Undergrad: 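Take a look at the following structure, please.
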Amino acid sequence: MTVDSSAARKPRRSAAGKAGTTGSSTGTTGTKRTTRTTTKKTTDPELVQLLTPEGKRVKNAEYDGYVAGITPEELRGLYRDMVLTRRFDAEATALQRQGELGLWASLLGQEAAQIGSGRALRDDDYVFPTYREHGVAWCRGVDPTNLLGMFRGVNNGGWDPNSNNFHLYTIVIGSQTLHATGYAMGVAKDGADSAVIAYFGDGASSQGDVAESFTFSAVYNAPVVFFCQNNQWAISEPTEKQSRVPLYQRAQGFGFPGVRVDGNDVLACLAVTKWALERARNGEGPTLVEAYTYRMGAHTTSDDPTRYRGDEERLAWEAKDPILRLRRFLEASNHADEGFFAELEAESEALGRRVREAVRAMPDPDHFAIFEHAYADGHALVDEERAQFAAYQASFADAEGGH
């Protein structure tokens with residue numbers, strides 16, 4: 001099945017306003033020469049989809065096998081994951097609006113991409129996220145409240161990456177793909193059969209770090225999956241300003257496969273990610289997965305999406321809501337009843353209360369903690385900086401004592 005390509009774009013207009021033409025003058029004879037270019041019509045890119053927006057199951061010979069054994073209980077689990085992740089995300093957004101967090105990056109609309117891919121992972125796989133992978137963190141067993149410390153300004157991460165094989169959030173756009181590639185190369189050298197997955201957005205796909213990661217992972221056949229959540233907007237820049245072709249096709253130039261999956265279809269995301277991880281574990285190298293989805297809300301709480309996109313676009317994507325899609329399937333298949341949904345609603349409200357209480361109870365940070373892990377064995381310059389900072393802090397106490 002296909003969807004409208006985000007890379008479809010109208011031919012550029014010349015200064016004369018004619019599509020697909022460019023004009024130039026010879027300069028010496030005054031004769032104007034016009035060069036006409038043509039744009040080849042392309043078809044919409046292939047899209048892996050197992051659940052339609054109406055919640056109907058569709059067959060896919062290539063990927064059905066990866067979800068063939070899924071049970072009704074596991075389907076309800078995927079639904080629960082998405083509902084609770086959305087509830088946590090909504091609470092975090094509200095806390096930021098109330099002044100409890102400095103910033104928040106919402107995942108609203110991207111739950112299926114994150115839960116589907118997150119549940120495809122094994123415990124020994126390693127994850128390198130951006131700053132929006134709250135659903136993947138949930139799948140890896142990271143307490144949701146631990147995600148909020150950095151955004152409240154009370155810590156520099158909030159969890160031990162090695163406890164859950166889930167790296168700290170990465171704010172610098174695209175740099176985590178380099179970390180993932182290097183880690184994957186190490187996994188291969190160690191002879192392990194685990195895989196690595198790196199998450200990034202459509203905007204990050206334009207970063208040089210991502211291109212370098214593609215190059216190294218391809219040349220060294222690294223067991224890494226590049227999972228791009230194409231949510232259509234890199235802050236205020238649409239995807240068509242990031243690439244002239246669908247993002248998954250970029251993998252071809254680096255020598256490894258790419259696939260576009262319906263990012264609002266949790267079953268398809270689960271199946272495609274399992275396939276890509278299996279390739280990595282079998283020594284077949286990297287894969288680029290483009291999860292074609294949509295960011296329902298703002299880029300972060302400092303953004304105003306109404307300044308650069310219309311309501312019609314958002315409403316069209318709301319009709320493809322990932323949670324509603326799976327609920328329709330569960331109801332039509334008699335895999336869940338009203339008791340299940342009511343119980344989950346109560347659980348989600350309890351999660352919201354727990355998150356609120358935990359954030360407000362977070363202690364102020366130790367001002368000197370930032371110096372503790374700059375180097376494994378300490379460093380003279382860090383000691384000097386710590387002493388300077390201590391003197392700076394003490395100056396405030398001296399000033400108060402003087403008054």
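All residue numbers refer to positions in the sequence shown, counting from 1. What you see below is based on every heavy atom in this structure, not just the backbone, and it leaves out hydrogens, waters and symmetry mates. Since the structure is predicted, the reported quantities are computational estimates derived from the model, not experimental observations.
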Undergrad: Do Q98 and R360 pair up side chain to side chain, a donor and an acceptor below 3.5 Å, judged on atom types alone?
TA: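 R360 and Q98 do have a side-chain donor-acceptor pair below 3.5 Å.
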Undergrad: Do the side-chain N and O atoms of E313 and Y294 include a donor-acceptor pair separated by under 3.5 angstrom?
TA: yes
Undergrad: Start with the C-alpha gap between R353 and E357, add the side-chain angles, then the distance that decides, and say whether salt bridge (Lys or Arg N to Asp or Glu O under 4.0 Å) holds.
TA: CA-CA 6 Å; R353 289 192 297 272; E357 293 167 0; 5.8 Å; no
Undergrad: Which distance, rounded to the nearest 0.5 Å, do you find between the CG of D81 and the CD of E74?
TA: 11.0 Å
Undergrad: Kindly compute the distance separating CD (Q242) from OG (S205), expressed to the nearest 0.5 Å.
TA: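 Reported to 0.5 Å precision, the distance equals 5.5 Å.
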Undergrad: Tell me whether the NZ or CZ atom of R327 lies within the 45° cone about the ring axis of F341 and under 6.0 Å from its centre.
TA: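 Pair R327/F341 counts as cation-pi.
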Undergrad: How are the rings of Y131 and H299 set to each other: parallel, tilted or perpendicular (split at 30° and 60°)?
TA: perpendicular
Undergrad: Would N164 and Y126 count as having a side-chain donor-acceptor pair, cut-off 3.5 Å?
TA: no
Undergrad: Checking side-chain polar atoms at under 3.5 Å, does S106 have a donor or acceptor matched by the opposite partner on D89?
TA: yes
Undergrad: Rounded to the nearest 0.5 Å, how far does NE2 of H335 lie from CD1 of I70?
TA: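 So the CD1 of I70 and the NE2 of H335 are separated by 9.5 Å.
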Undergrad: Quick one, K320 with D265, criterion salt bridge (Lys or Arg N to Asp or Glu O under 4.0 Å). Give me CA distance, side-chain angles, the key distance, then yes/no.
TA: CA-CA 9 Å; K320 306 173 186 178; D265 176 354; over 6 Å; no
Undergrad: I need the full list of ring-ring contact (aromatic ring centres under 6.0 Å, His included) pairs touching residues 345-375, with sequence neighbours left out, sorted by first then second residue.
TA: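 ring-ring contact (aromatic ring centres under 6.0 Å, His included) check on residues 345-375 returns F368-F389, F371-F389, Y375-H379.
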Undergrad: Among W104, W159, Y199, which residue satisfies the ring-ring contact (aromatic ring centres under 6.0 Å, His included) criterion with Y169?
TA: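 Between Y169 and the candidates, ring-ring contact (aromatic ring centres under 6.0 Å, His included) is satisfied uniquely by W159.
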Undergrad: Tell me, with the steps shown, if E100 and R152 meet salt bridge (Lys or Arg N to Asp or Glu O under 4.0 Å).
TA: CA-CA 7 Å; E100 301 290 349; R152 189 170 171 83; 2.8 Å; yes
Undergrad: Verify whether one side chain among N231 and Q110 offers a donor that lies under 3.5 Å from an acceptor in the other.
TA: yes
Undergrad: How far apart are the C-alpha atoms of D143 and R354, what are their side-chain angles, what is the distance that settles it, and do they pass the salt bridge (Lys or Arg N to Asp or Glu O under 4.0 Å) test?
TA: CA-CA 11 Å; D143 190 312; R354 181 168 77 86; 3.4 Å; yes
Undergrad: Mind checking whether Y63 and W275 have parallel, tilted or perpendicular rings, split at 30° and 60°?
TA: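 Correct class here is perpendicular.
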Undergrad: Heavy-atom count check: over 12 atoms from other residues, nucleotides or ligands less than 6.0 Å from D123 CG?
TA: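 Check fails, neighbour count at 12 or below.
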Undergrad: Quick check: closest heavy atoms across T130 and R132, and the distance to 0.1 Å?
TA: OG1-N, 3.2 Å
Undergrad: Quick one about S117 and Q114 (side-chain donor to acceptor, distance below 3.5 Å, no hydrogens or angles considered), yes or no?
TA: no
Undergrad: Any chance you could measure Q232, atom CD, to T239, atom OG1, to the nearest 0.5 Å?
TA: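 Rounded to the nearest 0.5 Å, the CD-OG1 separation comes out at 4.5 Å.
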Undergrad: Would you mind reporting whether L148 and F88 have side-chain heavy atoms less than 4.5 Å apart?
TA: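 F88 reaches L148 side chain to side chain.
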